[in-house]
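Notes follow the structure.
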Protein chains: 2
Amino acid sequence: MAVTIKDVAKLANVAPSTVSRVIANNPRISEKTKRRVREAMEELGYHVNYNARSLANRSTQTLGIVMPSSADKVFQNPFFPEVLRGISTKAHENEFTLYMSTGSKEEEILDAVKGMVHGRRVDGIVLLYSRIDDSIMKFLKDEEFPFTVIGKPFKYPDEVTHVDNDNFRAAKDVTEHLISRGHERIAFVGGKLDLVVTVDRLSGYEKALREANLKYRDDYIVHVEFLKEGGHEAVMELCSLEEPPTALVVADDLMALGIMSKLDEIELSVPDDISIISFNNVMLAEYASPPLTSVDINIFQLGYQAVNCLLEKIEDAEASNKRVCVPHKLVERWSVKTL
Amino acid sequence: MAVTIKDVAKLANVAPSTVSRVIANNPRISEKTKRRVREAMEELGYHVNYNARSLANRSTQTLGIVMPSSADKVFQNPFFPEVLRGISTKAHENEFTLYMSTGSKEEEILDAVKGMVHGRRVDGIVLLYSRIDDSIMKFLKDEEFPFTVIGKPFKYPDEVTHVDNDNFRAAKDVTEHLISRGHERIAFVGGKLDLVVTVDRLSGYEKALREANLKYRDDYIVHVEFLKEGGHEAVMELCSLEEPPTALVVADDLMALGIMSKLDEIELSVPDDISIISFNNVMLAEYASPPLTSVDINIFQLGYQAVNCLLEKIEDAEASNKRVCVPHKLVERWSVKTL
DNA sequence: AATAGTTATGGAATCGTTTACAATAAGAAA
DNA sequence: TTTCTTATTGTAAACGATTCCATAACTATT
């Protein structure tokens, strides 16, 4: 059986409560007894039992992470390891630990999340994505459980704390960049339309077009379920249009890679025949051929700040809801040509 | 305050112990009372408190996941989301949940792991990597805590349960494949030498060479710290050799991408000037240009089986140590040319 | 009819902490 | 010397389950 606070108490000749206070480094315990107790802990090899502590404490010092359903292709995006790195860093700094949802279908994940919150497994939750109509977000909101989302909540942006990029702006910037390089026929390739990030980027693109008095054409808008077969067809269609686009705004680096691979197949060259700008600036963007011009959205910060906000909410449940905007930056490489 | 088992007991007019039994669906409780208790739970909106349960139970139904230090570039490999998917799937099937290590330096991670095991936060641990001299593995082994590793433990392969590919064999296969395609000058590009997987693949490569009576040349062996600047230099050196290789065995898809990007820069074409075979068959391999011939190591299965083994160990601490070998398969695409 | 054996449930201890409150001793003030 | 503080430590009740050990009410057996 593991060594408990009582064993330590006995050896150090104090009450269990005293030992507990020593652990918490309570200033009301004299240095002398602290020393004695610490020696006893050392000698017996004592370690707190977090379950017991959490029970007594009503706090777990752990954060729940909810990923998109692992069945989803999106899950394979290097975005996740990187955002996790940010989350993990901040959590570690504040001595919080991480708990992960499992489950592959949305239904399953919702159950897992319910388990986390009702079962008192976590003090707060980070949602790693934002979909247009998400049952999990709804649940968390209804329960008034502390949570933050990475990305912009579609329904109640003011009522839920979130950290996001200015995706509208970023897409607008990017499109304008293309326009300034002489492009007029610019197409947009986005991911699933139920992801808020997709709609934001789409509207930024649209706005830029409008402001430049360029035609917004429906046949220039394509939605690809991440880099999948469907995407390839979409690219084909785009290229076989009477007036094919000279440039593409692509909502994700990986999608851009997929597209480039298809383009390569049909012997169109980037950027000579067609220019591409994509989003996220995942490490891979640099190693594509040609290296991709991409919007760096600072994924690490997204994770880091999300935890930061979450901790504030946990600390003070009454804290008002915040919106943190992580800056983006266009990093130019070789996938864009000036016409 | 949350509703507890006692509240339910009161409402249903039974003892708390009875409620507990109903939760566990103990057959010794009559259907009638079960129904009554369940109604009460429903009415009050009861949910178990896992902390309390774990405390009483001495089991957490959760598994710890230890990733490589997030400071490490390796972390960004899509390998991890995919292996996590496997882990998560099997864990979910058996109603286990997941707990993640935080920390970026090895030291920090070790502390986190100590917290997990001493603090009774998890019932077992999966190590997502295998390094040649790993303090964490040593700790787990010394503590006789249930754990499995993905990859082959370098030091005590028979004493620790692990799931791995036959990397030696896979590398040998791949090298022979190249040889059978007429290549004689084949170089090896591996990752950090302290990863066991690197040394295994290197020896497979070497063996194939020996058996084919081809010269094993030191200047054909290059170690790249993942896809980083250093890697680029290494490629340059390789290509500026008097007798440059005609084919490359590359230990990781991402590394291969990095290499191809460099090759592209110096205007060498794959596969016309140089052939490449890599490992892992991450989704991206398919979207490289040209699409990469790569060894599919079945990452999902690695994760799935690792959890499978771990659960067995948790179930029965005396269970003997197993070694599960996940089969690999060469998937041929367009990065290899027949000479 | 008395005894043994089931079946369904309750009582109470236990898991390992935390923490409100009580108690004590020592020192300061009167 | 007595009383009041103050500093330090102890007592015991939570926290919310699980589970061993009764026990009561039946049924089956002799």
Side-chain angles (χ1 to χ4, degrees), chain A residues 1-38 40-41 44-62 95 115-123, chain B residues 1-41 44-62 95 97 115-123:
Chain A
M1 205 73 6
V3 15
T4 79
I5 223 173
K6 287 184 190 164
D7 303 322
V8 176
K10 206 166 291 168
L11 179 59
N13 242 305
V14 296
S17 54
T18 302
V19 177
S20 175
R21 293 193 180 100
V22 172
I23 294 171
N25 200 18
N26 187 317
R28 303 176 51 126
I29 300 293
S30 71
E31 281 309 320
K32 192 159 51 149
T33 25
K34 276 189 184 173
R35 208 173 315 123
R36 195 147 41 93
V37 170
R38 292 204 176 107
M41 299 197 328
L44 297 177
Y46 170 81
H47 294 278
V48 287
N49 180 318
Y50 288 105
N51 288 311
R53 172 180 286 181
S54 291
L55 183 59
N57 244 356
R58 291 92 172 296
S59 103
T60 60
Q61 291 282 113
T62 109
E95 296 185 289
M116 283 189 195
V117 347
H118 289 144
R120 301 269 126 74
R121 288 214 205 240
V122 301
D123 295 341
Chain B
M1 204 73 7
V3 15
T4 78
I5 222 173
K6 286 183 190 165
D7 303 322
V8 176
K10 206 166 291 170
L11 180 59
N13 243 304
V14 296
S17 50
T18 302
V19 177
S20 176
R21 292 193 181 100
V22 172
I23 294 171
N25 201 18
N26 186 317
R28 306 177 51 122
I29 301 292
S30 72
E31 281 309 319
K32 193 159 52 145
T33 23
K34 276 188 185 172
R35 208 171 317 124
R36 195 149 41 94
V37 170
R38 291 202 176 110
E39 272 164 18
M41 299 197 330
L44 297 177
Y46 170 81
H47 294 278
V48 286
N49 180 317
Y50 289 104
N51 288 311
R53 173 180 285 180
S54 291
L55 184 58
N57 244 355
R58 290 87 173 296
S59 104
T60 59
Q61 291 283 112
T62 110
E95 297 185 288
T97 56
M116 283 190 196
V117 347
H118 288 144
R120 301 267 127 76
R121 288 215 205 240
V122 301
D123 294 340

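The sequence lines fix the lettering, A, B, ..., with proteins before strands; numbering per chain opens at 1.
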Please output the side-chain donor-acceptor pairs of residues 10-21 of chain B that fall under 3.5 Å, not counting sequence neighbours, one pair per line with the distance.
none

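Between A/Lys34 and A/Asn26, the side chains place no donor N or O within less than 3.5 Å of an acceptor N or O (distance only, hydrogens not considered).
Between the side chain of A/Asp123 and the backbone N or O of A/Ser59 there is no donor-acceptor pair closer than 3.5 Å. Between the side chain of B/Ser54 and the main chain of B/Tyr50, a donor-acceptor pair closer than 3.5 Å is present. Remark: side-chain polar atoms of A/Gln61 are paired, donor with acceptor, to backbone N or O of A/Glu95 under 3.5 angstrom.
A straight line from CG of B/Asn49 to P of C/dT17 spans 17 Å, rounded to a whole angstrom. Put simply, CG on B/Leu55 is 13 Å from C1' on C/dA13, counting in whole angstrom units. For B/Arg58 and D/dA17, the CZ to P distance is 18 Å, given to the nearest whole Å. D/dG16 atom C1' lies 11 Å from atom CZ of A/Arg120, rounded to whole Å. When the P atom of D/dG16 is taken as reference, atom NE2 of A/His118 falls 15 Å away, rounded to whole Å. Following rounding to the nearest Å, B/Tyr46 (OH) and D/dG16 (P) show an atom-to-atom distance of 10 Å. Atom CG of B/Leu44 and atom C1' of D/dG16 are 15 Å apart (whole Å).
A heavy-atom distance below 4.5 Å is found between the side chains of A/Ile23 and A/Met41. Looking at heavy atoms from C-beta onward, A/Val22 lies in side-chain contact with A/Arg38 at the 4.5 angstrom threshold. Using a 4.5 Å heavy-atom cutoff, the side chains of B/Thr97 and A/Arg121 are in contact.
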Practice prompt. Treat primed atoms plus P, OP1 and OP2 as sugar-phosphate and everything else as base, then score nucleotides 6-13 of chain D 5' to 3': B for base contact with protein heavy atoms under 4.0 Å, S for sugar-phosphate contact only, - for none.
Written response: --BBBB--
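Listed by chain and number, the residues in a side chain to side chain contact (heavy atoms under 4.5 Å, CB included) with B/Arg120 are A/Ala2, A/Asn49, A/Asn51 (sequence neighbours excluded). Partners of A/Thr4 by side chain to side chain contact (heavy atoms under 4.5 Å, CB included), not counting sequence neighbours, listed by chain and number: A/Lys6, A/Asp7.
Closest to the B/Asn57 side chain, of the nucleotides C/dT18, D/dT19, D/dA17, is D/dT19.
Phosphate proximity of D/dT18 to B/Tyr50: absent, as no side-chain N or O sits under 4.0 Å from OP1 or OP2. Between A/Ser20 and the phosphate of C/dT18, there is a side-chain N or O to OP1/OP2 separation shorter than 4.0 Å.
Residues from residues 5-12 of chain B with heavy atoms under 4.0 angstrom of DNA chain C: there are none.
For the atom pair A/Met116 CE and A/Thr62 OG1, the distance stands at 8.0 Å (nearest 0.5 Å).
At its two ends the helix from C/dA1-D/dT30 to C/dA30-D/dT1 runs along axes set 60° apart, each axis drawn from five pairs and the angle rounded to 10°.
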